[in-house]
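Inspection log for the structure reproduced underneath, given as structure tokens.
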Amino acid sequence: MGQNLQTGGRLRPIDLARGHGLSTQAVRNYEEAGILPAAERTPHGYRTYTSLHAGALRAFLALVPGHGHQTATSIMRAVNEGRVDEAFHLIDESHVQLLDDRRTLQAVESALRDLEPRAAADPGAAPGSGAVSGADRAAVPGGDPAAMPAPGGTFIGPLAEALGIRPATLRKWERAGLVRPRRDPQTGYRVYDEADVRDARLAHQLRRGGYLLEHIAPLITQVRAAGGLEPLEAALSDWHDRLSVRGRAMLTGAAELAAYLRSAADLRECVT
């Protein structure tokens with residue numbers, strides 16, 4: 001756009017504000033931020049707006065729910081300054097972020113589905129089953145069965161073997177806060193209880209999906225706060241709903257922005 005395009009039907013700041021439940025100061029702030037095209041002034045210095053400004057305001061307010069206030073502001077500023085391709089790039093970035101969020105949700109759901117209870121013979125799934133495997137002995141100096149963890153826990157060796165990873169990986173996950181094994185008071189060895197095994201499995205699935213430790217840690221925290229996997233179903237459903245709402249909001253914002261661009265183009269043709 002890049003020019004102070006106007007079209008008939010003069011509007012006061014209060015006229016724009018009333019239709020959207022805004023204050024007149026908010027309208028003036030939007031103009032100063034570049035969200036609205038520059039207003040014309042009366043001989044006495046009062047702002048006068050037009051239907052083009054009304055369209056810009058509708059477009060901005062429609063963009064905010066899907067893109068956020070900051071990005072919506074940048075989009076409108078770019079459009080009003082004639083940098084339409086830059087505005088489209090910002091919109092593309094928001095869609096990429098939404099797609100990434102959807103893929104993250106799918107990865108979490110996939111990981112949770114893989115965390116079904118295992119058979120009791122699986123040392124990683126049934127910690128503390130009482131059986132002393134070779135991996136258990138290898139996890140204890142000297143392979144002393146007397147040093148085995150109490151029922152309800154497993155050592156780092158058998159858990160790492162069950163997951164197909166190295167014990168060093170579990171130690172790294174511990175430092176990142178993904179697992180929180182307790183220490184056996186007699187031996188000082190790490191003991192992973194059922195919740196730790198659950199967290200380790202979830203972390204393992206997400207790592208296989210390519211997610212970084214710093215992205216996994218908040219998800220593990222949510223599992224702990226929910227008290228397990230089942231309470232997360234409501235949270236995942238809410239996550240689905242929020243992504244759908246955002247997707248629909250992006251469509252609404254795109255429609256209003258397209259209408260604003262058409263109005264501006266039509267006005268330019270009339271001017272020229």
Side-chain angles (χ1 to χ4, degrees), residues 93-129 131 133-140 148-149 152-184 188-244 246-247:
E93 287 183 337
S94 289
H95 282 282
V96 169
Q97 182 61 59
L98 179 61
L99 181 59
D100 285 345
D101 290 345
R102 290 191 185 280
R103 286 172 173 166
T104 299
L105 174 58
Q106 290 170 355
V108 172
E109 290 178 325
S110 176
L112 294 180
R113 283 194 298 269
D114 289 339
L115 293 178
E116 296 295 332
R118 307 289 180 85
D122 183 344
S129 60
S133 68
D136 292 332
R137 294 191 182 92
V140 182
M148 289 298 297
T154 188
F155 284 134
I156 192 169
L159 178 57
E161 182 181 12
L163 295 176
I165 60 177
R166 297 178 301 162
T169 299
L170 281 171
R171 297 189 190 100
K172 182 178 181 180
W173 291 358
E174 181 181 350
R175 290 193 296 270
L178 305 188
V179 291
R180 300 184 300 188
R182 62 181 174 84
R183 295 281 184 164
D184 186 282
Y189 304 139
R190 292 173 174 83
V191 178
Y192 298 81
D193 61 20
E194 293 179 0
D196 294 320
V197 172
R198 174 204 65 203
D199 295 346
R201 285 211 185 105
L202 179 56
H204 182 48
Q205 292 295 333
L206 292 172
R207 286 294 289 144
R208 289 177 60 186
Y211 289 89
L212 301 177
L213 296 183
E214 56 265 33
H215 296 157
I216 297 173
L219 299 174
I220 299 291
T221 300
Q222 290 182 15
V223 172
R224 292 176 185 145
L229 300 176
E230 292 184 2
L232 282 182
E233 292 181 2
L236 293 176
S237 177
D238 179 66
W239 193 351
H240 268 290
D241 291 343
R242 286 186 285 111
L243 291 179
S244 295
R246 187 179 174 194

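Each residue takes its place number in the sequence, starting with 1. Hydrogens, waters and symmetry mates are skipped; everything else that's a heavy atom, side chains included, is used.
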Using a 4.5 Å cut-off on heavy atoms from C-beta on, say whether the side chain of [Y] contacts that of [X].
{"X": "Thr154", "Y": "Val197", "result": "yes"}
{"X": "Trp173", "Y": "Arg207", "result": "yes"}
{"X": "Arg198", "Y": "Glu194", "result": "no"}
{"X": "Arg102", "Y": "Arg246", "result": "no"}

* Taking Arg190 for the side chain and Ile156 for the main chain, is one N or O donor matched with an acceptor at less than 3.5 Å? -> no
* Determine yes or no for a side-chain-to-main-chain donor-acceptor pair under 3.5 angstrom, with Thr169 supplying the side chain and Ile165 the backbone. => no
* To do: Taking atom CZ of Arg166 as the centre, report whether more than 12 heavy atoms of other residues, nucleotides or ligands fall under 6.0 Å from it.
  => no
Hey, could you give me the [atom1]/[atom2] distance between [X] and [Y], rounded to the nearest 0.5 Å?
{"X": "Trp239", "Y": "Leu105", "atom1": "CH2", "atom2": "CG", "answer": "5.0 Å"}
{"X": "Gln97", "Y": "Ser94", "atom1": "CD", "atom2": "OG", "answer": "8.0 Å"}
{"X": "Leu243", "Y": "Leu99", "atom1": "CG", "atom2": "CG", "answer": "10.5 Å"}
{"X": "His204", "Y": "Leu178", "atom1": "NE2", "atom2": "CG", "answer": "13.0 Å"}
{"X": "Asp199", "Y": "Arg224", "atom1": "CG", "atom2": "CZ", "answer": "4.5 Å"}
{"X": "Asp101", "Y": "Gln106", "atom1": "CG", "atom2": "CD", "answer": "11.0 Å"}

* To do: Might you work through the side chain to side chain contact (heavy atoms under 4.5 Å, CB included) test for Leu206 and Leu202, ending with a clear yes or no?
  => CA-CA 6 Å; Leu206 292 172; Leu202 179 56; 4.1 Å; yes
* **Steps toward salt bridge (Lys or Arg N to Asp or Glu O under 4.0 Å) verdict (Asp196, Arg182)** => CA-CA 9 Å; Asp196 294 320; Arg182 62 181 174 84; over 6 Å; no
Over all atoms of both residues, closest heavy-atom pair of [X] and [Y]:
{"X": "Leu159", "Y": "Ala200", "answer": "CD2-CB, 4.2 Å"}
{"X": "Pro167", "Y": "Ala160", "answer": "N-CB, 3.7 Å"}
{"X": "Leu213", "Y": "Ala176", "answer": "CD1-CB, 4.1 Å"}

